[in-house]
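The structure appears below as structure tokens.
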Amino acid sequence: MNTTPTKTKTLEQRLALLGRNLSIAYKNPLKIVSGEMQYLYDDERRQYLDAYNNVAHVGHCHPRVVKAGQDQMSLLNTNTRYLSDLINEYAERLVATFPPTLNKCFFVNSGSEANELALRLARTHTRAHELIVLDHAYHGNTTTMIDISPYKHDGPGGSGPPSWVHKVPLPDLYRGLYRSDDVDAVRKYSQHVIDVIERLDTRPLCGFIAESMPSVGGQIVLPSGYLNSVYSAVREAGGVCIADEVQTGYGRIGTHFWGFENYEVVPDIVVLGKPIGNGHPIGAVVTTTEIAESFDNGMEFFSTFGGNNVSCAIGLAVLDTVVGEGLQTHAGSLGSVMLERLRKLMSQHQIIGDVRGSGFFLGVELVRDRESREPATLEATAIVNKMREKAVLLGTDGPFHNVLKIRPPMPFNEADAVRLVETLDLILRSVAA
Ligand code: PMP
């Protein structure tokens with residue numbers, strides 16, 4: 001007798017047992033039972049092209065990563081209070097991917113935890129509290145991360161920022177306060193940061209945090225020159241600069257291994273998550289010797305699971321795979337082809353207002369009218385659901401949830417790209433009709 005619950009039963013049980021604000025993707029929910037590289041399989045063995053899940057960075061259940069985890073799990077899994085060559089090797093390999101000043105690692109278990117730790121490091125180093133954040137940003141699910149995430153504290157159920165959090169406009173040249181037709185846009189966006197610093201008056205600045213390419217903000221590539229002037233102003237005021245690379249790191253943007261490198265800046269603290277464990281919960285913070293030394297103030301830092309042997313073995317296997325399989329270069333070249341193909345779609349579909357991104361970090365912004373840029377929110381939701389019915393998985397994001405988010409596992413190939421663009425074309429035609 002088959003005792004596996006039906007999809008309907010699984011949904012029923014979930015609604016009964018789990019918190020209701022745990023969201024479920026798609027109107028017709030998916031019951032995914034297995035994954036292999038860039039493909040997911042549901043309970044009826046239907047294959048889906050995953051163009052959304054950046055966590056499975058080197059591919060769902062990549063055999064090398066699975067084997068590394070299995071082997072280490074059967075040997076030892078304990079904490080960082082014992083000497084281990086594995087954590088040293090992982091840290092050494094990780095810092096080698098950064099500019100030389102970023103040379104100290106801390107390991108935790110999620111992006112939220114890594115951002116929490118980054119904030120502690122920044123506060124201890126600067127002995128200050130005031131933090132500048134980008135509008136619409138998301139940095140995690142803990143209490144303090146909600147405090148610094150306008151996407152959450154300004155959204156449904158939120159109660160606004162605490163007084164130490166200072167929000168500046170997201171430098172979005174398509175929909176933001178200053179747009180690409182304003183030659184002075186970058187200076188004006190940076191000026192908002194300078195204005196906050198001036199308003200702080202005698203209150204010392206702790207720092208500035210931003211994703212290197214804001215994702216929930218709508219897959220935004222920051223305008224060139226923005227971070228350079230913001231970082232200068234923040235440092236001049238005694239603050240530190242934190243780059244949240246939870247979504248953009250590990251070669252995803254194609255041109256560079258880390259998102260911040262795209263702007264020729266070097267942060268003081270970098271936050272790592274999602275892709276580095278390929279689904280295994282690993283978060284990390286990489287910082288300078290100076291900041292790590294300030295943090296070493298007598299209070300022990302310890303995470304029970306952070307930096308455990310299995311996590312390090314998996315982390316190393318992921319890093320080896322990204323490098324060994326040339327995934328950054330692949331994301332760069334196929335990402336450019338996809339940008340081109342999506343821009344071609346834009347010339348055929350009025351609903352596409354903007355196509356942007358880098359590598360396998362792409363956004364397609366949908367509008368009802370190209371002039372007014374009225375967000376096509378309902379249409380975006382409908383399109384993503386229709387794509388799901390055609391077995392191609394995408395998501396939406398942006399302040400108006402009208403940006404199609406394309407962030408596939410890195411093995412996503414040429415045939416997958418054709419499948420995605422052709423399916424999207426088909427659906428956009430049906431929506432227009
Ligand atoms: N920072 C960014 C930019 C994120 O996108 C996320 C997760 N979506 C986080 C932090 C939090 O990571 P986690 O869910 O692993 O705690």
Side-chain angles (χ1 to χ4, degrees), residues 19 21-23 25 50 52-57 106-122 131-155 158 165 167 170-172 207-222 227 241-250 252-253 258-260 262 267 269-286 303 305-307 311 314-315 318 357-363 394-399 401 403 405-409:
N21 52 356
L22 207 58
S23 75
D50 184 359
Y52 183 70
N53 288 291
N54 58 342
V55 175
H57 191 67
F106 296 86
F107 294 108
V108 288
N109 312 287
S110 67
S112 304
E113 253 189 89
N115 270 321
E116 283 278 350
L117 181 59
L119 195 56
R120 275 181 69 199
L121 287 164
L131 189 76
I132 302 173
V133 304
L134 291 184
D135 199 3
H136 309 296
Y138 178 64
H139 298 292
N141 63 50
T142 58
T143 307
T144 311
M145 289 307 106
I146 299 298
D147 280 347
I148 73 165
S149 300
Y151 164 68
K152 289 289 182 195
H153 65 231
D154 286 343
V165 171
K167 186 174 77 177
L170 174 66
D172 170 358
F208 167 84
I209 183 167
E211 277 184 85
S212 297
M213 289 187 190
S215 187
V216 295
Q219 303 289 92
I220 306 294
V221 179
L222 299 174
L227 280 187
C241 301
I242 307 173
D244 183 336
E245 290 276 349
V246 167
Q247 299 232 14
T248 45
Y250 260 46
R252 173 160 296 279
I253 67 162
W258 299 107
F260 65 81
N262 190 45
I269 302 174
V270 184
V271 174
L272 284 55
K274 291 183 195 256
I276 68 170
N278 209 54
H280 181 81
I282 311 179
V285 176
V286 179
S303 162
F305 302 122
S311 294
I314 288 175
V318 176
S358 181
F360 283 167
F361 185 88
L362 303 172
L394 294 177
T396 57
D397 235 321
H401 305 284
V403 181
K405 192 156 159 171
I406 305 174
R407 260 180 348 184

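Residue indices begin at 1 and follow the sequence shown. Order of listing sets the numbers, starting from 1, for every ligand and every atom in it.
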For the backbone of [Y] and the side chain of [X], can you confirm whether one donor and one acceptor N or O come within less than 3.5 Å of each other?
X      : Y      : answer
Asn115 : His139 : yes
His153 : Asp147 : yes
Glu211 : Val246 : no
Ser303 : Val108 : no

What atoms of ligand 1 come within less than 4.0 Å of a heavy atom belonging to [X]?
X      : value
Asn115 : 1 (N), 10 (C)
Ser110 : 15 (O), 16 (O)
Glu211 : 3 (C)

At what distance is the nearest protein heavy atom to [atom], and which residue and atom is it?
atom                    : value
atom 4 (C) of ligand 1  : Val246 CG1, 3.7 Å
atom 16 (O) of ligand 1 : Ser112 OG, 2.4 Å
atom 8 (N) of ligand 1  : Lys274 NZ, 3.0 Å

**Asked** Does Gln247 approach ligand 1 within less than 4.0 angstrom via side chain, backbone, both or neither, non-hydrogen atoms only?
**Response** side chain
**Request:** Determine whether the side chain, the backbone, both or neither of Val216 has a heavy atom under 4.0 Å from any heavy atom of ligand 1.
**Result:** neither
**Close side-chain approach of Pro267 and Glu245, heavy atoms under 4.5 Å** = no
**Request:** Taking the side chain as every heavy atom from C-beta outward, state whether Pro275 and Val318 have any pair of such atoms under 4.5 Å apart.
**Result:** no
Below 3.5 Å, N or O to N or O, backbone or side chain included: is there any such pair between [X] and ligand 1?
X      : answer
Asp244 : yes
Glu113 : no
Gly140 : no

**Message:** I'd like to know whether Asn54 forms a side chain to side chain donor-acceptor pair (under 3.5 Å) with Gln247, so could you lay out the CA-CA distance, the side-chain angles of the two residues, the decisive distance to 0.1 Å, and finally the verdict.
**Reply:** CA-CA 7 Å; Asn54 58 342; Gln247 299 232 14; 3.2 Å; yes
**Message:** Heavy atom to atom 13 (P) of ligand 1, shortest distance: which of Pro214, Gly277, Gly111, Ser215 holds it?
**Reply:** Gly111
**Message:** Given the ring of Tyr52, does Lys405 sit roughly above its face, with NZ or CZ under 6.0 Å from the centre of the six-membered ring and within 45° of the axis?
**Reply:** no
